[in-house]
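In what follows, a single structure is set out as C-alpha cells and then discussed.
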Protein chains: 2
Amino acid sequence: MNRSYDLYDGLARALDVVGDRWNLLIVRHLLICPARYRELIDGLPGIATNLLAERLRYLQTAGVLERRLAGAGNGVEYTLTPWGAELRQPIESLIRWSTPLMINGANGDSFRPEWLILSIPALLDARVKVRPSATVGLEFGDLLLQLRATRSGFDLGPLDGRSLEATVRTKPAHILDLAAGTLTLSDARALGLIELDGDESVVRAVFSA
Amino acid sequence: MNRSYDLYDGLARALDVVGDRWNLLIVRHLLICPARYRELIDGLPGIATNLLAERLRYLQTAGVLERRLAGAGNGVEYTLTPWGAELRQPIESLIRWSTPLMINGANGDSFRPEWLILSIPALLDARVKVRPSATVGLEFGDLLLQLRATRSGFDLGPLDGRSLEATVRTKPAHILDLAAGTLTLSDARALGLIELDGDESVVRAVFSA
DNA sequence: CCGCATCCTCATGGATACTG
DNA sequence: CAGTATCCATGAGGATGCGG
C-alpha cells in the first residue's frame with residue numbers, strides 16, 4: 001500500500017517493506033527458487049495481476065528482490081537479494097506459530113504443494129525427532145522432493161538419484177499433522193497417520209534408511 | 001481487514017490473523033506488559049481509535065489476546081494469551097531483519113522508548129558479545145530499564161534497586177547503532193558512539209559490572 | 001502464450017467528532 | 001476513559017486490453 005507507519009522502530013520499518021498484503025507470500029515463493037511472473041500468479045491463488053506487478057516493483061526498489069532476464073533469452077525472472085533471502089527466519093517463525101490454525105484441515109481453502117517446501121522443514125526443525133540418517137521423499141504429481149535430516153535440522157530439496165526403500169501415500173492434511181506433531185516418522189506410520197488411499201491431492205511419502 | 005487469503009498454508013493463515021495493518025505492532029506493545037486502551041493509543045502513533053477498537057476485537061476472537069477488567073475495578077486491560085505471546089519469535093526475527101532500515105536514523109519519524117524494550121535484546125542476542133556479568137541501565141525520561149546479560153541471551157526489564165557504577169548519555173540513534181553492530185559495549189563507549197551531549201530524546205546509558 | 005497496464009467497483013483504512 | 005459514528009480517501013480485486 002506504500003503507506004508508511006512513519007515510526008523510528010525496527011518492527012514498524014520492517015512492516016513498511018513486507019507488511020503489505022501478499023508481500024510475504026511473494027517472498028516465500030521466491031525463497032524456494034527464482035520464479036517467473038506467471039509462476040507467481042499460479043502459486044498465489046487470488047492475487048490480482050495489477051497487485052502482483054505493483055508489489056514486485058515495490059519490493060524491487062526496496063531491495064528485497066531483483067528483476068532480471070531469464071537465461072534462455074525469453075521472459076523475466078524474479079530473484080531474492082541476499083537481504084530478501086534473510087526473510088526466511090521471520091517467515092519460518094510465523095509458520096511455526098501458525099500450527100494451531102492448520103490442525104483443522106483445509107476447509108475448502110486452496111492448496112499448493114510448494115507451500116510445504118518451507119513449512120515442513122520449519123516445523124520439523126523445532127519438534128520432530130528423527131534418526132539422523134532418515135530420509136523422506138515426497139511426491140506431489142510431478143514435484144519430487146527429498147527431505148533429509150542433517151545435524152543442524154532438516155533440509156528439503158530435489159530428490160537425488162538413489163533409489164528409495166519404501167513407499168506410502170498420504171494426504172497433505174496428514175503430512176501437516178505429521179510435521180506439526182512430536183511423533184517420529186516411524187511412529188506416525190505405525191499410528192496410521194500415513195494412509196494408503198487415494199485422494200485428489202495425493203502425496204507419496206517414501207521412507208528410506 | 002478480516003479479508004482472508006483462503007489458502008491452506010501456514011504462512012497465509014498466520015497472516016490472516018496478524019497480517020493486517022497495526023496488528024503486529026499491537027502485539028509487540030502487549031509483549032512488554034498488559035496495557036490499557038489509552039496506553040495502546042499513545043504507544044501506536046497514527047492509529048485511529050476505531051481501528052484500534054476493531055483490531056482488539058478481532059485479535060480477541062482470534063485467540064491472540066484477552067480483554068479483562070483491570071485489578072483496581074477501573075477500566076479494561078488487554079493481555080496476550082500464551083499463544084499470542086509466542087509471536088515474540090516472529091517479531092524479534094523481523095526486528096533483526098530490519099537493521100538495514102534503521103541505520104540511517106529517525107528522519108522525522110516518531111519514536112517511543114518502549115520500542116527498544118524488545119529491539120535491543122533481539123539485536124544483542126544475535127550479534128553483540130558482552131562479558132556475561134555486564135549490566136546496562138537505560139533511562140528515557142521517567143522510564144528506567146536495566147539490560148542484563150544472561151546465559152541464554154539478554155533480558156530487558158525494570159531497573160532493580162542496586163546502585164549503578166557509571167553514567168553516560170546517548171541518543172536513541174546511537175543506541176540502535178550499538179545494538180545493530182558487533183562492538184562490545186565498552187568498545188562502543190571507547191569509540192565515542194555513546195555521547196555526553198543533550199538531545200530532545202536523550203538516553204542515559206548506565207554501565208556496571 | 002507472457003508480462004504487465006488500465007478501468008472500474010467496493011471494501012477497508014484513516015481522521016475527526018461525538019457519546020455512555 | 002473507552003470506545004462509536006460518520007465521512008472521505010485509498011487500496012484490493014476482477015475484468016479487460018495490449019504490445020512483444
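Residue numbering restarts at 1 for every chain, and letters A, B, ... go by the order of the sequence lines. These figures come from a predicted structure and were not determined experimentally.
Residue Arg3(B) places none of its side-chain N or O atoms closer than 4.0 Å to OP1 or OP2 of dC10(C). Note on Trp22(A): a side-chain N or O is less than 4.0 Å away from OP1 or OP2 of dG13(D). Not one side-chain nitrogen or oxygen of Tyr58(A) sits closer than 4.0 Å to the OP1 or OP2 atom of dG11(D). Phosphate contact (OP1/OP2 of dG14(C), side-chain N/O of Tyr5(A), threshold under 4.0 Å): absent. Listed pair Arg21(A) / dG13(D) meets the phosphate criterion, a side-chain N or O lying under 4.0 Å from OP1 or OP2. A sub-4.0 Å separation between OP1 or OP2 of dG3(C) and a side-chain N or O of Arg36(A) is present.
Per the geometry, CG belonging to Asp20(A) stands 16 Å off P belonging to dT12(C), to the nearest Å. For the pair Leu51(B) CG and dA11(C) P, the interatomic distance rounds to 17 Å; values are reported in whole Å. Across the protein-nucleic acid pair, Leu59(B) atom CG and dG3(D) atom P stand 14 Å apart, rounded to whole Å. Between Ile47(B) atom CD1 and dG3(D) atom C1' the separation is 13 Å, expressed in whole Å. Spacing between atom CG of Leu25(B) and atom P of dG13(C) amounts to 14 Å, rounded to whole angstrom units. Distance CG (Leu52(B)) to C1' (dG3(D)): 9 Å, rounded to an integer number of Å. For Glu77(B) and dC1(D), the CD to P distance is 15 Å, given to the nearest whole Å. The distance from atom CZ of Arg55(B) to atom C1' of dG13(C) is 8 Å, rounded to the nearest whole Å.
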Pairwise N/O distances under 3.5 Å, protein to nucleotides 4-6 of chain D:
{"unit_1": "dT4(D)", "atom_1": "OP2", "unit_2": "Arg57(B)", "atom_2": "NH2", "d": "3.1"}
{"unit_1": "dT4(D)", "atom_1": "O4", "unit_2": "Thr49(B)", "atom_2": "OG1", "d": "2.6"}
{"unit_1": "dT6(D)", "atom_1": "O4", "unit_2": "Asn50(B)", "atom_2": "ND2", "d": "3.3"}

All N/O pairs under 3.5 Å across the protein-nucleotides 17-20 of chain D interface:
none

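At a threshold of 4.0 Å, the pair Asp9(B)-Arg28(A) counts as salt-bridged, since one of the basic side-chain nitrogens sits closer than that to a carboxylate oxygen. Of the charged side-chain nitrogens involved, at least one lies within less than 4.0 Å of a carboxylate oxygen, so that Asp109(B) and Arg13(A) count as a salt-bridged pair. Salt-bridge check for Arg38(A) with Asp42(A): passed, with a basic side-chain N closer than 4.0 Å to an acidic carboxylate O.
Two end axes, each from the C1' atoms of five base pairs, can be drawn for the helix from dC1(C)-dG20(D) to dG20(C)-dC1(D); they diverge by 30°, to 10 degrees.
Geometric assessment of Arg67(A) against the ring of Tyr37(A) yields a negative cation-pi assignment under the 6.0 Å and 45° thresholds. Geometrically, Arg112(B) does not engage Tyr8(A) in a cation-pi contact defined by less than 6.0 Å to the ring centre and at most 45° from the axis.
Of the candidates Leu65(A), Ile26(A), Leu59(A), Leu87(A), Leu65(A) is the only one forming a side-chain contact (heavy atoms from CB on, under 4.5 Å) with Leu80(A).
With contacts defined as side-chain heavy-atom distances shorter than 4.5 Å, the pair Leu44(B)/Leu7(A) does not qualify. Between Pro90(A) and Pro90(B), the closest side-chain pair of non-hydrogen atoms is not below 4.5 Å. Residues Glu77(A) and Leu69(A) form no side-chain contact, since every pair of their non-hydrogen atoms from C-beta on lies 4.5 Å or further apart.
A donor-acceptor contact shorter than 3.5 Å links the side chain of Thr81(B) to the backbone of Val64(B). Judged by distance alone, with hydrogens and angles left aside, the side-chain atoms of Asp16(B) form a donor-acceptor pair with the main-chain N or O of Tyr5(B) at under 3.5 Å.
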>> Could you walk me through whether Val76(B) and Arg68(B) satisfy the side-chain contact (heavy atoms from CB on, under 4.5 Å) test, starting with their C-alpha distance in whole Å, then the side-chain angles of each, then the deciding distance to 0.1 Å, before giving a yes or no?
In response: CA-CA 6 Å; Val76(B) 287; Arg68(B) 61 185 190 194; over 6 Å; no

